[in-house]
J.: 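Following this message is one structure expressed as structure tokens.
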Amino acid sequence: MDQLALIIGLLLATVVAVGLGDRLRLPYPVLMLLLAIGLTFIPGFPDLNIAPELILPIFLPPLLFATAQRSSWAVFRVRWRTLIMLAVALVVISTAAVAGAAWLMIPGIGIPAAIALGAMVAPPDPIAVESVAGRVHMPRRLTTVLQSEGLFNDAAAIVIFQAAVAAAVGGTEIGPDVVLKFVIGAALAVVVGMAMGWLTGLITRLVTSLVARSAVTLVVPFAAYILAEEVHASGVIAVVVTALEMQRHSRPQYAEERVTRAAFWDVVELLATGLAFGLVGLEIRHVIHDERADILGMLGVAGLVCVLVFVVRFLWLAVLALGSRNRKNVLQPTSAKEVLILTWCGMRGLATLALALALPVTLADGTPFPARDYLLVIACAVLVATLVLPGLTLPWLMRVLDASGDGSEERDAARLLAQRAQEAAVAALKQHDLMKDLPPEKVALVKAKMSRLHAELLDGSLRNESVAELRSRGRGLAIAVQTIALDAARQEVVMARNEPDMDPEVADRVLRQLDLRTMIMPE
């Protein structure tokens, strides 16, 4: 009962942290982390004990799914360089650098255990980064870079970590077969994700209840993750591919379902993120309590590893910036200012904690795992240093660098896209035979509504009118004609979303407005 009460308390604290973060302009995951650390020092405060092997399967699937729903295959075709250079290459380089430093500084650690440490602290957390970036009005292109990096870097880190731990436990060496395992695991995960996406589409076609169809999407990420792990594939990649496949099969007539599902997942993502970072805070306190006086002797090495993590990320991003300075529409840093911002946003989170707690206690022969206490302390130090320090100081850094975006580029792109949607709707109406069968007064009403479509797509407030009022006001319009027009507009936006120079976030906002317009058509 104490653990259930603690979970409910953390969920309630998440809501409070969101409100407090809005007032203080601070990210709520950081506030939840600090709050949880502070609460655990209260005498008699209950512990929340979750088996280490369950942390990733419980929290990663819903959080990754929520983030991946805001993307698409077209976006990944544009971002593939960023994925390779940040989600894979930077993880490998960070792992190697930290492993080398740990091997030199920690007596008796051994190469496999050192590599396991490097894999633990290598992947930034996409959830923490996104919550921070939204608070400081970071330019959309930089947010896109961070989102691209965060969706797949966990997969690379987990594969390296599992190979390193297996080598340490078995007393063997890590060979080049790690690369082959990653490629095979990724390929299998893509197959699993596509199959789950197809199966989800089949289920949603058979189920008529809108609530039930939204509930299916809560089960699917866990099913994809567990199934992929059972066949020794990457659960992370399987979840992301499942979300992308569901987006690809979405149809214009599913407008109400998409709006309902988006609202549902906003709540799930907020509560799961708060609970996850509350758990991080609780576990950090456990590490401090277990190590007691010995932790002081470990802080020096932990501090050096924290600095190394920042330095490696800065140098790699600087190299990417030099290579992309004269190129257009690249999802990589292009200036020293952007390199500094993206370096500061390399926040570690849930994956780092979960991998640290997943370290085995003993080896195959019964001897203790090499320097396990050291690894836990270092992992927690990196987590706190990269999450709390940047999370609290990023707003200040953005002001000093004068790097906050004013949203003008996004507004201009949305305006052009809304105009294209309106033109596509009008063109579809002109070419359709239904317009010939409408009486003149209905034709005039439809033309008037289509002439306002551009402005309505840019107005997210819906003029503060309820859906019922809008339905009542528009009941006299021809439903079939409006459906044709809005479907044509949506198809135009979807096509534009696949264009290399189109910001997918802008397209998504326009698509959401089209979904709302579809929902308020007369019944």
Side-chain angles (χ1 to χ4, degrees), residues 53 56-57 60-96 115-116 118-120 122-124 126 147-167 172 174-203 217 219-250 331 351 354-355 358 498:
E53 63 271 15
L56 285 179
L60 267 188
L63 295 178
L64 282 172
F65 187 83
T67 303
Q69 284 186 113
R70 295 189 284 271
S71 188
S72 69
W73 285 117
V75 175
F76 280 93
R77 284 196 294 270
V78 177
R79 300 179 182 179
W80 68 270
R81 289 187 180 87
T82 303
L83 288 174
I84 293 175
M85 301 306 291
L86 294 180
V88 179
L90 182 54
V91 167
V92 173
I93 293 171
S94 299
T95 299
I115 293 176
M120 283 190 288
Q147 289 172 340
S148 302
E149 177 187 10
L151 283 176
F152 286 107
N153 55 11
D154 287 347
I158 290 172
V159 170
I160 297 172
F161 174 82
Q162 291 173 338
V165 169
T172 59
I174 300 179
D177 60 328
V178 173
V179 178
L180 181 61
K181 288 181 179 178
F182 177 76
V183 173
I184 294 176
L188 284 174
V190 171
V191 174
V192 171
M194 288 187 168
M196 289 302 301
W198 175 83
L199 180 61
T200 305
L202 178 63
I203 293 173
T217 64
V219 179
V220 166
F222 295 101
Y225 187 94
I226 294 172
L227 179 59
E229 292 294 323
E230 285 296 318
V231 298
H232 304 290
S234 170
V236 172
I237 296 178
V239 172
V240 174
V241 171
T242 300
L244 297 178
E245 278 293 286
M246 291 176 62
Q247 286 288 91
R248 185 169 71 89
H249 291 296
S250 179
L331 291 173
L355 294 180
N498 297 336

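As the structure is a computational prediction, the values presented were derived from the model and not from experiment.
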J.: Run the numbers on Val239 and Leu60 for side chain to side chain contact (heavy atoms under 4.5 Å, CB included), then give the verdict.
T.: CA-CA 9 Å; Val239 172; Leu60 267 188; over 6 Å; no

J.: Quick one: are Leu188 and His232 in side-chain contact, heavy atoms under 4.5 Å?
T.: no

J.: Do Leu86 and Asn153 have side chains that approach each other closer than 4.5 Å (heavy atoms only, starting at C-beta)?
T.: no

J.: State the CG-CE distance between Leu90 and Met85, to the nearest 0.5 angstrom.
T.: 9.0 Å

J.: What distance do Gln162 atom CD and Leu355 atom CG have between them, rounded to the nearest 0.5 Å?
T.: 8.0 Å

J.: For the CE atom of Met196 and the CD1 atom of Ile203, what is their distance to the nearest 0.5 Å?
T.: 7.0 Å

J.: Give me the atom names and distance for the closest heavy-atom approach of Pro123 to Ala119.
T.: CD-O, 3.3 Å

J.: Can you name the nearest heavy-atom pair linking Ala224 to Val192, along with the distance?
T.: O-CG1, 4.0 Å

J.: Can you find a pair of side-chain heavy atoms, one from Tyr225 and one from Leu64, that are under 4.5 Å apart?
T.: no

J.: Identify the two heavy atoms, one from Pro62 and one from Pro221, that lie closest to each other, and give their separation to 0.1 Å.
T.: N-CB, 4.4 Å

J.: Quick one: closest heavy-atom pair of Thr95 and Ala122, and the distance?
T.: OG1-CB, 3.6 Å

J.: Mind checking whether Ser234 and Phe182 have side chains closer than 4.5 Å, heavy atoms only?
T.: no

J.: Is the shortest side-chain heavy-atom distance between Thr217 and Met246 below 4.5 Å?
T.: yes

J.: Considering non-hydrogen atoms only, spot the tightest contact between Ala228 and Gly235 and give its length.
T.: CB-CA, 3.8 Å

J.: Can you tell me how far CG of Asp154 sits from CZ of Phe161, rounded to the nearest 0.5 angstrom?
T.: 12.5 Å

J.: I need the Thr242 OG1 to Glu245 CD distance, nearest 0.5 Å.
T.: 8.0 Å

